[in-house]
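Before any comments, here is the structure.
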Amino acid sequence: MYQKFIITGDGVLKFGKVYQHRELLEWGETCPYGGGLWQYDKSRCAILLYGRSFAFGLPSFEHVNRIEWPQEVTAPCLLLYLPYWPSEARVEPVLMHLY
């Protein structure tokens, strides 16, 4: 199982521990806005988002309007995108409009 995320057609950012990104979709849902991998960083109180979904492509965070937080996270935290993971030479905060 891998920590993966998707952005659904309704703009929901979903997190889960699955083998394939499509396992995060409910019946009738689509994933036109991509996905990737995630990791919870307790020291920064942040979720690190990186990579891409081979089935759905790179994430398009501008389409997110709701977040379904993973169980590990007890309160909303920062979401940071690492486009060149594992390098942290560039770290981009995302979804600031939802806080």
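Counting all heavy atoms, side chain and backbone alike, Leu58 lies closest to Tyr81 at CD2-OH, 4.0 Å. Closest approach of Ser53 and His21 over heavy atoms only: OG-ND1, 3.4 Å. Shown here for Leu24 and Gly16, the closest heavy-atom pair between the two residues is CD2-CA, 3.6 Å. Heavy-atom minimum distance, Phe56 versus Arg22: CE1-N, 3.8 Å. A pairwise comparison of heavy atoms in Cys77 and Cys45 identifies CB-O, 3.1 Å as the closest pair. Gln20 approaches Glu23 most closely through the heavy-atom pair N-OE2, 2.8 Å.
The line from CG of Leu48 to CG of Leu37 is 11.5 Å long, rounded to the nearest 0.5 Å. Distance CD/Glu26 to OG1/Thr8: 10.0 Å, rounded to 0.5 Å. Rounding to the nearest 0.5 angstrom, the gap separating the CD atom in Gln3 from the OH atom in Tyr40 is 12.0 Å. Between the OG atom in Ser60 and the CD1 atom in Ile7 there is a gap of 6.5 Å [rounded to 0.5 Å]. Of the inter-residue distances, the one linking Tyr2 atom OH with Tyr19 atom OH reads 7.0 Å to the nearest 0.5 angstrom.
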Candidate pair Leu79 and Leu13, rule side chain to side chain contact (heavy atoms under 4.5 Å, CB included), full reasoning: CA-CA 11 Å; Leu79 294 170; Leu13 175 59; 4.0 Å; yes
Evaluate the criterion side chain to side chain contact (heavy atoms under 4.5 Å, CB included) for residue pair Lys17 and Gln71; output intermediate values, then yes/no. CA-CA 10 Å; Lys17 292 180 182 173; Gln71 292 179 346; over 6 Å; no
Side chain to side chain contact (heavy atoms under 4.5 Å, CB included) assessment of Leu78 paired with Arg44: CA-CA 8 Å; Leu78 289 174; Arg44 289 189 248 194; 5.9 Å; no
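No continuous path of ILVMFWY side-chain contacts below 4.5 Å connects Leu49 to Ile6, so the two sit in separate hydrophobic clusters. Under a hydrophobic-cluster definition in which Ile, Leu, Val, Met, Phe, Trp and Tyr are linked whenever side-chain heavy atoms come within less than 4.5 Å, directly or via other members, Val94 and Val73 are assigned to the same cluster. One hydrophobic cluster holds both Ile67 and Tyr33 under the rule that ILVMFWY side chains link at heavy-atom gaps under 4.5 Å.
Around CZ of Arg52, the count of heavy atoms belonging to other residues, nucleotides or ligands within 6.0 Å exceeds 12.
Leu80 has its side chain within reach of Pro93: a pair of non-hydrogen atoms, C-beta onward, lies under 4.5 Å apart. Looking at heavy atoms from C-beta onward, Pro83 lies in side-chain contact with Glu92 at the 4.5 angstrom threshold.
In this structure, the ring of Phe5 has its center no less than 6.0 angstrom from the ring center of Trp38.
Trp69 and Phe15 have parallel rings, their planes meeting at less than 30° on a 0 to 90° scale where 60° marks the start of perpendicular.
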